[in-house]
Amino acid sequence: MRIEKMAVAGSLESNDVLVTVKPNEQLGREIIIESIVEKQYGETIRKVTEEVLNDFKIDHIYILIQDRGALDCTLRARLETVILRAQGGNKDDQNP
Amino acid sequence: MTRIRRSLLFVPGNSPAMLLNAGVFGADSIIFDLEDAVAPNEKDAARILVRNAFRTLEYDQFEKIIRVNSRHSPFFTEDLQMLIPTLPDAILLPKVEDKQDIIDTETLMEALERDNNLPLGGIKIIPLIETALGVENAFSIARSSKRISALFLGAEDLTADLGVKRTKKGKEILYSRGRIVIAARAAGITAIDTPFTDVDDEKGLIKDAKFAKKLGFTAKATISPRHVTTINRIFSPTEEEVLYAERVMAVIKKAEKEGKGVVALDGKMIDAPIVARAQRVLEIAQTLRGDLS
C-alpha cells in the first residue's frame with residue numbers, strides 16, 4: 001500500500017495520540033516519536049507502529065507520532081485511520 | 001445471572017479516555033456513541049477506535065450497546081460492517097420511524113453474522129424513537145423483530161420535530177412517554193427514558209427519573225457519569241417493594257400447597273401479572289445483592 005497524500009488522525013488529548021503521515025518515496029520508513037512516556041514506552045510505540053506498517057505493507061512513509069499516553073489499541077486505531085485517510089479513497093476522508 | 005438495565009451512559013466513541021474509563025462509573029449499560037457525539041469527519045476514526053477497544057479492553061461488567069449512525073446516513077453500513085463482528089450486546093438504532101427500518105437493519109445484521117460465523121440473532125436492537133412518526137408507530141416497531149429488547153425515547157430530537165421547546169418539567173413529552181411505555185409493555189419489552197440533560201441539576205434529575213419510573217419506564221439514559229448513581233438508586237426496587245414481593249410469593253406458595261385457586265393479600269386479589277412483577281422485583285433485588293457481595 002502507498003501513502004498518496006498527507007493525512008492526520010487522533011488528537012493531543014490525554015490518552016490519545018496524534019499521528020501525521022506523508023509520502024516518503026526517497027527515504028523509506030521514517031518514524032518520529034514524541035511521547036510524554038518516551039523513556040518507558042518509546043520502543044513499544046515504535047514496535048507497534050512497525051507492526052501496523054508491516055500489516056499494511058507500507059515501506060515508504062514519513063510518520064510523526066505525538067503520543068499523550070495512548071494505549072496500544074488506541075495507537076493501532078489511529079495508525080489504521082491515518083493510513084486509510086492517506087489513500088484518499090475513504091469516503092469519510094475530510095481531514096482537518 | 002439476570003442482567004439489570006437501570007442506567008445507560010452515553011460515551012463518545014472517539015474519546016480514548018472515556019472508552020478507557022467506561023466501566024468505572026457503575027452504569028448498567030454503556031452506549032458507545034458513533035452518532036451525535038462524533039463529528040462527520042471523525043466517523044471513520046471513531047468506529048475503528050471502538051472496534052479496537054472492544055477487542056482489547058475488559059468490558060464484561062456492563063451491557064455493551066453501540067449507537068450507530070442513522071440508517072439513512074452514509075455511515076450506517078460501514079458502522080455495522082465494522083462493529084457487528086465485535087459482538088456488542090445491542091445496537092441502538094437512531095431515528096427509527098417504522099418497522100421497515102428494523103427489518104432492513106436486521107437483514108444486514110443477519111448477513112454480517114453469517115459472514116463472520118457469529119450466532120444468528122444474538123445481538124439485540126434498541127430502536128431510538130425520536131420523531132413524531134416514530135412515536136406514532138411505536139407498537140409496530142416494538143413487534144417488528146425478536147431482536148428488539150426495549151424502546152428508547154429520545155426527547156431532544158423529538159421536541160425539535162414537534163417544533164416545541166424542551167423543558168425540565170417535560171409536559172411537552174408526556175404524551176410520547178406514555179405512548180412509548182404502553183407500546184413497549186404491550187410488546188413484552190421494556191422502555192428506556194430520555195436523558196435529563198442539565199448535568200448540574202441533581203434535584204431536577206431526581207424528580208424527572210422518579211416521574212419516569214412512575215409512568216412505567218424501567219431505565220433512564222444519561223450523558224453524564226455524575227447521574228449514574230442517582231438513576232441506579234431510583235430504578236432499583238425499594239425495600240418496601242422487595243418486602244411486598246416476598247409476601248406475594250409466600251402467599252402464592254401457601255395457596256399452591258393448600259390447592260387454592262384464588263389468593264388475596266391485604267384484601268387484594270393476587271393475579272398473574274402481580275406474581276410476575278413480584279418475581280421480577282425479587283430477581284433484580286437478588287442480582288443487586290450479588291453485585292454488592
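Naming convention: chains lettered A, B, ... in sequence-line order (proteins, then strands); numbering from 1 in each chain.
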> Counting only heavy atoms not in A:E13, do more than 12 fall under 6.0 Å of its CD?
Replying inline: no
> Between B:R51 and chain A, which part of the residue has a heavy atom less than 4.5 Å away: side chain, backbone, both or neither?
Replying inline: side chain
> Non-hydrogen atoms of chain A under 4.5 Å away: do they reach the side chain of B:L20, the backbone, both or neither?
Replying inline: side chain
>> Heavy-atom cut-off 4.5 Å, strictly under: side chain, backbone, both or neither for B:L19 against chain A?
In response: neither
> Given a strict heavy-atom distance threshold of 4.5 Å, which part of A:S14 is in contact with chain B: side chain, backbone, both, or neither?
Replying inline: backbone
> Are the charged groups of B:R5 and B:D28 less than 4.0 angstrom apart, N to O?
Replying inline: no
> Between B:D89 and B:K124, does at least one N-O distance fall below 4.0 Å, as a salt bridge requires?
Replying inline: no
> Hey, are B:S70 and B:E35 close enough side-chain-wise for a donor-acceptor pair under 3.5 Å?
Replying inline: no
>> Whether the B:N232 and B:S7 side chains hold a donor-acceptor pair (N or O, under 3.5 Å, no angle test) is what I'd like checked.
In response: yes
> Under a 4.5 Å heavy-atom cut-off, does chain B meet the side chain of A:R68, its backbone, both or neither?
Replying inline: neither
